[in-house]
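There's a structure below that I have some questions on.
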Amino acid sequence: MKSEPSAFSIEDLKKAENQTTSWDGVRNYQARNFMRDKMRVGDGVLFYHSSANPSGIAAGCSIVREAYPDHTAWDPENIHYDPKSLPEHPIWYMVDVKLIKTCREIISLEKLRKTHGLKNMMVLKKGSRLSVQPVTPDEWKIIMNLPEWE
DNA sequence: GCCAACGTTGGC
DNA sequence: GCCAACGTTGGC
């Protein structure tokens with residue numbers, strides 16, 4: 001799951017209550033479908049800093065609540081307001097994510113590109129903009145064995 | 001349903 | 001700030 005650290009960073013997650021946050025603001029159907037159809041309580045999540053210096057994986061998290069309507073879509077004051085989504089017919093969903101472990105050092109995009117076995121990882125593909133992307137069990141295993149974790 | 005125009009993402 | 005690679009919108 002990608003976030004620009006200027007909007008929400010690993011430091012923000014560390015400070016959050018129960019080190020848990022609702023992943024609101026997703027306004028892309030494919031990303032929504034991943035959250036709604038694939039993410040289950042206990043699933044692992046890689047917290048990725050995008051448009052950062054460097055961009056890369058900042059933490060490992062876990063799903064603690066499955067998809068439920070994203071109420072920020074109903075708030076005209078909210079930057080993610082979407083008048084097409086109504087409380088009686090929600091379009092957008094969010095999940096709750098809890099911090100499990102942090103990286104001593106960001107696992108940078110460059111490092112991911114150099115790591116054997118990750119060649120096909122979606123986030124490494126050109127033009128891969130989706131803010132919620134699947135990670136295969138093999139990719140997960142390789143990443144969890146990198147030395148950057150605490 | 002097609003597709004041009006437009007908006008967004010995100011690495012660089 | 002640039003711009004490639006998308007996704008969305010809306011006229012037809």
Side-chain angles (χ1 to χ4, degrees), chain A residues 1-16 20-39 43-63 66-136 138-149:
Chain A
M1 302 185 94
K2 300 185 196 171
S3 177
E4 299 195 15
S6 57
F8 188 83
S9 73
I10 181 59
E11 295 306 318
D12 295 319
L13 182 56
K14 277 184 193 167
K15 283 181 285 189
T20 297
T21 186
S22 55
W23 205 272
D24 62 29
V26 172
R27 297 292 179 270
N28 171 285
Y29 287 99
Q30 241 186 303
R32 178 205 65 183
N33 293 348
F34 274 125
M35 290 199 296
R36 193 189 53 190
D37 304 337
K38 303 289 184 195
M39 290 184 163
D43 285 351
V45 169
L46 298 171
F47 188 115
Y48 181 91
H49 278 177
S50 59
S51 295
N53 252 313
S55 293
I57 296 165
C61 300
S62 179
I63 300 293
E66 288 172 19
Y68 59 106
D70 181 347
H71 56 80
T72 66
W74 307 330
D75 174 8
E77 304 293 310
N78 194 284
I79 189 170
H80 299 298
Y81 176 59
D82 181 0
K84 294 194 301 302
S85 183
L86 301 169
E88 55 273 31
H89 294 289
I91 297 176
W92 304 115
Y93 288 80
M94 56 192 179
V95 295
D96 287 357
V97 166
K98 183 182 172 69
L99 179 62
I100 301 295
K101 61 195 293 190
T102 52
C103 299
R104 263 186 301 108
E105 174 182 359
I106 297 282
I107 303 173
S108 67
L109 242 198
E110 192 190 359
K111 168 81 184 226
L112 292 172
R113 289 191 201 286
K114 285 193 300 198
T115 301
H116 190 254
L118 299 181
K119 205 148 273 160
N120 293 323
M121 211 179 160
M122 191 184 279
V123 76
L124 301 183
K125 297 256 163 91
K126 196 172 163 187
S128 181
R129 314 182 310 175
L130 211 55
S131 66
V132 180
Q133 305 187 352
V135 177
T136 69
D138 283 350
E139 290 162 355
W140 179 269
K141 224 174 289 173
I142 291 168
I143 288 164
M144 285 302 156
N145 282 319
L146 292 173
E148 280 84 352
W149 296 99

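Here is how names work: the chains are called A, B, and so on, in the same order as the sequence lines, proteins then strands, and each is numbered from 1. Quantities reported herein were computed from a predicted structural model and do not represent experimental measurements.
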Self-check item: Between B:dG10 (C1') and A:R113 (CZ): distance, integer Å
Solution: 11 Å

Quiz item: Run the side-chain contact (heavy atoms from CB on, under 4.5 Å) check on A:R27 and A:D70 step by step: do they pass?
Solution: CA-CA 10 Å; A:R27 297 292 179 270; A:D70 181 347; 2.9 Å; yes

Practice problem: Could you state the atom-to-atom distance from NE2 of A:H80 to C1' of B:dT9 in whole Å? | Solution: 13 Å

Self-check item: Check: A:D75 side chain, A:T72 main-chain N or O, donor-acceptor pair, under 3.5 Å
Solution: no

Exercise. Using the side-chain contact (heavy atoms from CB on, under 4.5 Å) rule, take A:F34 and A:Q133 through it: C-alpha gap first, then chi angles, then the decisive distance, then the call.
Key: CA-CA 7 Å; A:F34 274 125; A:Q133 305 187 352; 5.8 Å; no

When you compare the protein's N or O atoms with those of nucleotides 2-6 of chain B, which come within less than 3.5 Å of each other, and at what distance?
none

Exercise. Using whole Å, report how far CD1 of A:I91 lies from C1' of C:dT8.
Key: 13 Å

Self-check item: Atom-pair distance (CZ on A:R27; P on B:dT9), nearest Å
Solution: 12 Å

Practice problem: Enumerate the residues from residues 120-131 of chain A whose closest heavy atom to DNA chain C is under 4.0 Å, giving them by residue number; use none for an empty result. | Solution: A:K126, A:G127, A:R129

Quiz prompt | Whole angstrom value for the distance that separates C1' of C:dT8 from CH2 of A:W92 | solution = 10 Å

Quiz item: How many angstroms lie between OG in A:S50 and CE in A:M1, if you round to the nearest 0.5 Å?
Solution: 12.5 Å

Let me check something: any side-chain donor-acceptor pairs from residues 86-96 of chain A under 3.5 Å, sequence neighbours excluded? List them with distances.
unit_1	atom_1	unit_2	atom_2	d
A:W92	NE1	A:D82	OD2	2.7
A:D96	OD1	A:Y68	OH	2.5
A:D96	OD2	A:Y68	OH	3.4

Practice problem: May I ask you to decide if the ring planes of A:F47 and A:F8 are parallel, tilted or perpendicular, using 30° and 60° as cut-offs? | Solution: tilted

Quiz prompt | Whether A:S51 side chain and A:E4 backbone form a donor-acceptor pair below 3.5 Å | solution = no

Quiz prompt | B:dT8 OP1/OP2 closer than 4.0 Å to side-chain N/O of A:K2 | solution = no

Practice problem: Give me the residues of residues 44-53 of chain A where at least one heavy atom lies under 4.0 Å from an atom of DNA chain B, by number, or none. | Solution: A:Y48, A:S50, A:S51

Quiz item: What's the CG-P distance between A:N33 and C:dG7, to the nearest Å?
Solution: 13 Å

Quiz item: Would you say the side-chain atoms of A:S22 pair up with the backbone N or O of A:D24, donor to acceptor, closer than 3.5 Å?
Solution: no

Quiz item: Under a 4.0 Å heavy-atom cut-off, which of residues 3-13 of chain A touch DNA chain B?
Solution: none

Exercise. Might you confirm whether atom CG of A:N53 has over 12 heavy atoms from other residues, nucleotides or ligands at distances under 6.0 Å?
Key: no

Quiz item: Rounded to the nearest Å, what distance is computed from the CD1 atom of residue A:I57 to the P atom of nucleotide B:dG10?
Solution: 15 Å

Quiz item: If every non-hydrogen atom of A:S9 is compared with every non-hydrogen atom of A:H49, which pair is closest and at what distance?
Solution: CA-NE2, 3.6 Å

Self-check item: Gap between atom CG of A:N33 and atom CG of A:L130 - 0.5 Å precision
Solution: 9.5 Å

Quiz item: Taking A:W140 for the side chain and A:L46 for the main chain, is one N or O donor matched with an acceptor at less than 3.5 Å?
Solution: no

Quiz item: Heavy-atom count around A:K119 NZ within 6.0 Å, excluding the residue itself: above 12?
Solution: no

Just list the side-chain donor-acceptor pairs under 3.5 Å for residues 98-110 of chain A, sequence neighbours left out, or say none.
unit_1	atom_1	unit_2	atom_2	d
A:K98	NZ	A:N18	O	3.0
A:R104	NH2	A:P147	O	2.3
A:S108	OG	A:K111	N	3.0

Quiz prompt | Distance in angstrom units between A:D82 CG and B:dT8 P, rounded | solution = 13 Å

